[in-house]
Asks: 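Below is a structure I'd like to ask you about.
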Number of protein chains: 2
Amino acid sequence: MTQDKGPRGFVKAEDVARLAGVSRSAVSRTFTPGASVSPAVRQRVQDAAKALGYRVNRLASSLISEKSHLVGVVGANLGTPFISRQLDQLSRGLLSRGMQCLLLNAADADQGIAPLIELILEFRVRAIVIMSGSPPSSIIDECRANGVRVILMHRESDDTATDVIMSDDVGGAKLAADRLLQARCKRPAVVSNGRGTQSQMRRRDAFVARMREFGLDTEIWASGTTSYETGAQAARDLLSDDRLDGVFCVTDLLALGFLDTAREMGRSVPGQLSLVGFDDIPQSSWLPYHLTTIRQSTSGIVASVLAAIERDARPGEAPIHHILPVELVERSTC
Amino acid sequence: MTQDKGPRGFVKAEDVARLAGVSRSAVSRTFTPGASVSPAVRQRVQDAAKALGYRVNRLASSLISEKSHLVGVVGANLGTPFISRQLDQLSRGLLSRGMQCLLLNAADADQGIAPLIELILEFRVRAIVIMSGSPPSSIIDECRANGVRVILMHRESDDTATDVIMSDDVGGAKLAADRLLQARCKRPAVVSNGRGTQSQMRRRDAFVARMREFGLDTEIWASGTTSYETGAQAARDLLSDDRLDGVFCVTDLLALGFLDTAREMGRSVPGQLSLVGFDDIPQSSWLPYHLTTIRQSTSGIVASVLAAIERDARPGEAPIHHILPVELVERSTC
DNA sequence: GGGATGATTGCACACGTGTGCATTCAATAG
DNA sequence: CTATTGAATGCACACGTGTGCAATCATCCC
């Protein structure tokens with residue numbers, strides 16, 4: 001099978017050409033869809049390539065064709081249920097469409113994600129997908145100037161026109177508020193992390209505004225990271241107030257921590273307290289929880305992202321701004 | 001800031017050289033650590049580069065230096081708690097060591113992961129990390145022949161020498177068995193998926209063997225995928241037998257589904273039934289579960305993988321074969 | 001001051017591939 | 001049989017970078 005191919009390096013097209021008795025161009029054309037090669041030559045080339053274990057060098061190939069099939073992905077908290085599901089679907093979609101995923105973890109990005117984006121640009125990627133962090137607009141402008149699409153998920157850039165794809169946080173928060181009102185909630189509270197994440201703040205503010213429309217003031221709790229433990233802490237803090245009867249956690253992970261701790265503190269849910277989450281992660285439908293929540297369609301989001309990537313980047317084009325619908329999932333915490 | 005840089009393409013070293021009034025070599029050396037450049041020239045080059053928004057083209061750079069800083073990662077079920085945590089830590093570690101992560105999702109790999117590995121090889125990666133799937137040894141041989149390290153996580157290759165890094169499945173299964181025996185278990189069962197995943201089979205077989213050492217026959221349940229729902233199904237199937245008093249689920253995800261369903265069926269855990277899992281995913285320590293389990297050190301595993309990648313690939317070298325210790329985490333399901 | 005030494009710098013080649021252009025070849029029509 | 005057409009093929013250039021080698025320059029010692 002694997003022939004003796006000399007001590008150094010990979011097999012190159014020239015080696016295949018020599019073995020097949022054709023020019024190097026013929027080899028290149030054989031592996032270029034739509035190029036003009038006779039069936040006979042193509043066959044000889046393919047045989048020779050197989051015998052030698054030849055594979056096209058994407059580095060050289062992308063260098064000459066000025067664009068690669070790489071897509072840069074920036075994300076943090078990759079171990080989290082919602083984000084990991086998103087990454088799973090995104091990486092699958094990219095692969096199935098002939099693109100590859102260059103993943104940079106933004107967890108340790110103390111300087112912000114600008115350095116990560118610069119690094120990605122060095123690979124001459126086709127597009128950049130940002131799942132976490134807020135890129136400075138100077139970098140985004142530079143990407144656009146170089147014809148690299150930038151796609152923001154669940155966030156928007158203040159001053160620069162970018163492709164934006166997110167769920168309907170405002171609509172979802174309203175659904176949550178209305179559901180709690182329907183459960184005759186009089187004393188609402190909202191729980192979010194303390195990082196000022198865009199999507200969480202949108203949900204929080206929309207929830208508060210909706211409640212105010214009905215004359216209710218919402219207690220706001222915001223601290224820590226987006227985690228189960230933070231939700232638990234929120235419960236310990238908020239439930240010192242006995243009259244609290246409706247809580248909206250802007251994330252399911254927060255909601256699950258809140259729910260467990262509330263019950264441990266002796267509150268019955270939904271008896272004394274109604275609870276609504278956001279995301280619909282798999283754990284929310286597990287038996288002990290059965291959490292009423294707002295479902296985001298990750299598959300819809302990912303599909304929109306993929307479509308945005310595949311759009312040809314024409315200079316004057318208006319950026320995409322998709323807001324995907326969400327839905328209330330009735331379970332048993334209201 | 002961003003100058004008018006002509007209509008086509010990225011800024012190249014030649015543009016910077018022209019603006020700085022030096023040769024292109026000087027530009028290249030400025031961005032090459034350890035190269036010889038005078039401070040004055042370096043400064044002029046850096047200024048010019050900044051003004052033009054120049055970044056080194058990694059494609060060309062890697063092409064000439066014959067090796068990239070890319071590491072290919074193959075994995076499936078990326079939305080799963082254990083695997084996503086692993087990927088999170090791995091991608092962080094790679095980035096912090098100056099390497100980039102080329103992620104290929106193996107979920108849709110009907111033909112096996114060989115095509116994915118071939119694709120990765122086209123990028124002339126430095127190493128390939130396999131989190132899921134069993135690569136045919138022919139491909140692995142080819143990788144080694146080309147100086148690309150292949151690192152298998154949680155599995156080993158039958159006939160080819162490869163770097164292997166896994167947890168001590170056998171030791172962990174013994175710990176699980178011993179813990180159940182300590183709880184006076186007489187009728188044990190083991191639950192695994194139906195896919196024949198290597199690590200799961202090792203745990204299962206070691207558990208069964210250990211029980212047999214003590215004269216106990218273990219009921220074996222194996223079906224479906226590795227999921228919460230599969231664990232629930234196992235409980236429905238197995239708990240028709242009233243006498244079952246000790247269950248080892250080879251994965252926490254299975255264990256949590258099993259636990260919820262067992263309780264819903266009226267079994268008290270740990271009263272009538274003891275349960276041990278494997279992995280120690282975050283959810284296992286959540287309040288409703290508090291699962292007794294075998295903890296894998298993902299940080300230890302990832303550290304070993306990173307060390308393996310960074311080892312210089314010398315031809316004659318013996319492959320790495322690390323088996324990392326696991327520990328019993330006592331909680332309240334035994 | 002002259003020669004030696006060491007640091008800088010520019011030239012030119014190499015990396016492996018895609019593709020326009022001219023050339024060759026076979027096939028077809030007249 | 002000749003002229004025409006279209007496909008197939010090879011040549012040569014281009015992509016953007018790293019680096020060995022030789023040339024240049026400044027510096028230092030005697």
Side-chain angles (χ1 to χ4, degrees), chain A residues 5-46 48-49 52-70 121-125 146-147, chain B residues 5-46 48-49 52-70 121-125 146-147:
Chain A
K5 64 189 73 157
R8 54 182 167 284
F10 279 76
V11 177
K12 47 189 180 178
E14 193 182 338
D15 303 331
V16 177
R18 197 177 309 123
L19 178 59
V22 296
S23 75
R24 195 184 55 72
S25 308
V27 178
S28 179
R29 286 191 238 267
T30 297
F31 292 98
T32 304
S36 167
V37 205
S38 73
V41 169
R42 155 165 275 130
Q43 190 60 49
R44 292 224 309 279
V45 169
Q46 283 175 340
L52 293 175
Y54 169 75
R55 22 198 120 270
V56 176
N57 186 332
R58 296 286 270 249
L59 271 40
S61 164
S62 300
L63 175 59
I64 189 76
S65 29
E66 301 267 300
K67 247 329 152 32
S68 67
H69 292 181
L70 279 175
L121 280 177
E122 296 182 4
F123 285 91
R124 303 302 188 255
V125 296
N146 288 323
Chain B
K5 64 188 72 154
R8 57 181 165 285
F10 279 76
V11 178
K12 47 189 182 180
E14 192 182 339
D15 303 330
V16 178
R18 196 178 310 122
L19 178 60
V22 296
S23 76
R24 194 185 55 71
S25 307
V27 178
S28 178
R29 285 191 238 267
T30 297
F31 292 97
T32 303
S36 166
V37 205
S38 73
V41 169
R42 155 166 276 129
Q43 189 59 50
R44 292 222 312 278
V45 168
Q46 284 175 339
L52 293 175
Y54 169 74
R55 25 197 117 268
V56 177
N57 186 331
R58 297 287 271 245
L59 270 39
S61 164
S62 300
L63 176 59
I64 189 76
S65 30
E66 301 267 298
K67 246 332 153 27
S68 67
H69 292 182
L70 279 175
L121 280 177
E122 295 182 4
F123 286 91
R124 304 302 189 254
V125 296
N146 288 323

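In what follows, chains are A, B, ... by sequence order, proteins preceding strands, each numbered from 1. These numbers were taken from a predicted model, which means no experiment stands behind them.
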Asks: State whether the side chain of S61(A) and the backbone N or O of N57(A) hold a donor-acceptor pair below 3.5 Å, judged by distance alone.
Replies: no

Asks: Spell out, as yes or no, whether a donor-acceptor pair under 3.5 Å connects the side chain of T32(A) to the backbone of S28(A).
Replies: yes

Asks: Which part of the nucleic acid, if any, lies within reach of S61(B) when heavy atoms closer than 4.0 Å are counted: base, sugar-phosphate only, or nothing?
Replies: sugar-phosphate

Asks: What is the distance from CD of E14(B) to C1' of dG10(C), rounded to the nearest Å?
Replies: 14 Å

Asks: Taking any heavy-atom pair under 4.0 Å as a contact, classify S65(B): base, sugar-phosphate, or nothing.
Replies: nothing

Asks: Heavy atoms only, 4.0 Å cut-off, all strands: where does F31(B) land among base, sugar-phosphate and nothing?
Replies: nothing

Asks: Separation of R24(B) atom CZ from dT9(C) atom C1', in whole Å?
Replies: 13 Å

Asks: Could you tell me the separation between the OG atom of S38(B) and the CD atom of Q43(B), rounded to the nearest 0.5 Å?
Replies: 10.5 Å

Asks: Under 4.0 Å between any heavy atoms, over every strand shown, what does T32(A) touch: base, sugar-phosphate, or nothing? Just pick one.
Replies: sugar-phosphate

Asks: When you match V41(B) and A60(B) each to their closest nucleotide on DNA chain C, which lands nearer the 5' end?
Replies: V41(B)

Asks: Measure the spacing between CD of Q46(A) and OH of Y54(A) and express it to the nearest 0.5 Å.
Replies: 12.5 Å

Asks: With sugar-phosphate meaning primed atoms plus P, OP1 and OP2, does V27(A) contact a base, only sugar-phosphate, or nothing at under 4.0 Å between heavy atoms?
Replies: nothing

Asks: Answer yes or no on whether R55(A) is positioned over the face of F10(A), meaning its NZ or CZ is under 6.0 Å from the six-membered ring centre and within 45° of the axis.
Replies: no

Asks: Would you work out how much the helix from dG1(C)-dC30(D) to dG30(C)-dC1(D) bends between its ends, with each end axis defined by five base pairs, to 10 degrees?
Replies: 30°

Asks: Any donor and acceptor pair, going by atom type alone, linking the side chain of T30(A) with main-chain N or O of V45(A) inside 3.5 Å?
Replies: no

Asks: Main chain of A20(B), side chain of R44(B): is a donor-acceptor contact present, judged purely on distance under 3.5 Å?
Replies: yes

Asks: Could you check V22(B) against I64(B) and say which one's nearest nucleotide on DNA chain C is further toward the 5' end?
Replies: V22(B)

Asks: Any idea which heavy atoms bring R29(A) and S36(A) closest together, and the distance?
Replies: CD-O, 3.6 Å

Asks: Report which part of the nucleic acid S28(B) touches: base, sugar-phosphate, or nothing (heavy-atom distance under 4.0 Å, all strands).
Replies: base

Asks: What is the distance from atom CG of L70(B) to atom CG of L59(A), rounded to the nearest 0.5 Å?
Replies: 7.5 Å

Asks: For a 4.0 angstrom threshold against heavy atoms of chain A, report the outermost contacting nucleotides of DNA chain D in 5' to 3' order.
Replies: dA8(D) to dG16(D)

